[in-house]
Amino acid sequence: MPPYPPVIPDSHDPLTFPPQPGLGKERPQLHSWLEGSGHCLPTVARMVFESFAHVPVTEELLRHVWEGEDDPAKGGHRFGLGREGKTEFPQEWDLATVKLAIVAVLEKPQFVGHRGSSVILKKQVGEVIVEVKLRIIGSTHEIEYAYPINGAGVFRNQSGLRKYLPLTIQSLEA
């Protein structure tokens, strides 16, 4: 077996979703080696997405993210809110900044993952990593939640204590 995968003939088109014309040779694709088969298969884990900017950021979603629901386990990431197990946006962030951060994640995510009927998006916005989860409904997407993962001024409420979560770039990977 060669020490590296064979070159894929030009006749094979790279697999992307949604399909994007012109990716061919000018845009490298990731592939995985199928042990012992002599074949190189397209890697489906990394798909090419340009933007989710078409997904609306509603007032209802912003209220959910900022203040939360009656159930304290749902939403509520405003600084100082103190909801158990929740991260909080930096103190200097207001609701308009949170909305801009969500829009930035939708427009150009740095991480795109797929779990069941959901799409997970992540992006570093300033010095804060923000995650947005989209629910797939038929052929459309709807934001289910958005919250800060870590970064400058981000805290998690744990057992009545506020734990500082410094910026960790590795959280963009998984």
Side-chain angles (χ1 to χ4, degrees), residues 15-20 30 42-174:
L15 295 179
T16 59
F17 183 83
Q20 297 178 13
L30 299 175
T43 301
V44 212
R46 304 246 185 206
M47 296 185 281
V48 179
F49 290 93
E50 289 191 5
S51 177
F52 290 88
H54 63 281
V55 179
V57 180
T58 66
E59 294 301 317
E60 181 181 349
L61 169 80
L62 290 173
R63 186 199 51 72
H64 168 81
V65 169
W66 195 243
E67 294 296 332
E69 308 299 329
D70 291 338
D71 178 350
K74 296 182 179 178
H77 299 277
R78 176 175 49 87
F79 181 85
L81 204 55
R83 288 189 164 206
E84 181 64 27
K86 298 290 182 172
T87 57
E88 296 181 352
F89 286 102
Q91 184 173 10
E92 61 275 4
W93 283 35
D94 58 10
L95 190 54
T97 306
V98 170
K99 182 177 182 177
L100 289 173
I102 294 170
V103 168
V105 174
L106 292 170
E107 287 178 349
K108 195 170 182 184
Q110 290 172 279
F111 171 88
V112 178
H114 185 76
R115 269 190 233 148
S117 62
S118 299
V119 177
I120 307 296
L121 310 174
K122 296 179 188 179
K123 180 180 179 86
Q124 181 177 339
V125 180
E127 294 182 46
V128 175
I129 295 181
V130 177
E131 178 174 311
V132 175
K133 180 180 179 185
L134 303 177
R135 187 175 28 236
I136 302 169
I137 304 169
S139 62
T140 64
H141 296 87
E142 179 181 283
I143 301 174
E144 187 172 331
Y145 65 67
Y147 70 96
I149 295 175
N150 59 49
V154 176
F155 290 86
R156 176 184 304 284
N157 298 299
Q158 272 180 267
S159 305
L161 301 172
R162 292 170 42 89
K163 180 182 177 189
Y164 177 62
L165 302 174
L167 181 64
T168 307
I169 299 298
Q170 291 81 359
S171 60
L172 284 172
E173 297 173 2

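Basis for what follows: all heavy atoms, side chains included, without hydrogens, waters or symmetry-related copies. What you are looking at is a predicted structure, and each value in this text was computed from that prediction instead of being measured.
- Considering all non-hydrogen atoms of both residues, Val57 and Leu61 come closest at CG1-CD2, 4.1 Å.
- Among the candidates Ile129, Leu121, Ile143, the single residue satisfying the side-chain contact (heavy atoms from CB on, under 4.5 Å) test with Val105 is Leu121.
- Applying the ring pair (Phe, Tyr, Trp, His ring centres under 6.0 Å) rule to Trp66 yields no partners; only residues at least two apart in sequence or on another chain are considered.
- Checked against side chain to side chain donor-acceptor pair (under 3.5 Å), Arg83 has no partners two or more places apart in sequence or in another chain.
- Of all non-hydrogen atoms in Pro148 and Thr87, the two that sit nearest each other are O-OG1, 2.6 Å.
- Between the CZ atom in Phe89 and the CG atom in Leu95 there is a gap of 9.5 Å [rounded to 0.5 Å].
- Contact annotation: the side chain of Pro90 approaches that of Val154 to within less than 4.5 Å [non-hydrogen atoms, C-beta and beyond].
- For the pair Leu62 and Glu59, the minimum side-chain heavy-atom distance is below 4.5 Å.
- Atoms OH and CD1, on Tyr145 and Ile102 in that order, are 12.5 Å from each other to the nearest 0.5 Å.
- Evaluation of the side chain to side chain donor-acceptor pair (under 3.5 Å) rule for Thr97 yields Asp94 as partners, not counting sequence neighbours.
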Donor-acceptor pairs are to be reported for all side-chain atoms of residues 162-169 against protein atoms at under 3.5 Å, with residues two or more places apart or in another chain.
| residue | atom | partner | partner atom | Å |
| --- | --- | --- | --- | --- |
| Arg162 | NH1 | Glu88 | OE1 | 2.7 |
| Thr168 | OG1 | Pro166 | O | 3.2 |

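- Pairs of residues two or more places apart, or lying in two chains, that qualify as salt bridge (Lys or Arg N to Asp or Glu O under 4.0 Å) and include a residue from residues 132-148 are Lys133-Glu144, Arg135-Glu142, Arg135-Glu144.
- Between Ile136 and Ser118, the shortest heavy-atom contact is CD1-N, 4.3 Å.
- Summarising the geometry of Val132 relative to Ala146, their closest heavy-atom pair is CG2-CB, 3.9 Å, with the distance given to 0.1 Å.
- Here side chain to side chain donor-acceptor pair (under 3.5 Å) pairs that include residues 71-80, with residues two or more places apart or in two chains, are Glu67-Arg78.
- Note that CG of Leu106 is 6.0 Å distant from CG of Leu134, once rounded to the nearest 0.5 Å.
- Applying the side chain to side chain donor-acceptor pair (under 3.5 Å) criterion to Glu69, with sequence neighbours excluded, gives Arg63, His64.
- With sequence neighbours left out, the salt bridge (Lys or Arg N to Asp or Glu O under 4.0 Å) criterion links Lys123 to no other residue.
- Between the CD1 atom in Ile149 and the CZ atom in Phe111 there is a gap of 9.0 Å [rounded to 0.5 Å].
- Around atom CD of Glu92, more than 12 heavy atoms belonging to other residues, nucleotides or ligands sit under 6.0 Å away.
- Scored by the side chain to side chain donor-acceptor pair (under 3.5 Å) test, Gln110 finds no partners at all (sequence neighbours excluded).
- Residues Trp93 and Gln91 have side chains not in contact (no heavy-atom distance under 4.5 Å, counting atoms from C-beta outward).
- Nearest heavy-atom pair across Gln124 and Leu172 is N-CD2, 4.1 Å.
- In terms of heavy-atom proximity, Ala152 sits nearest to Val128 at O-CG2, 3.7 Å.
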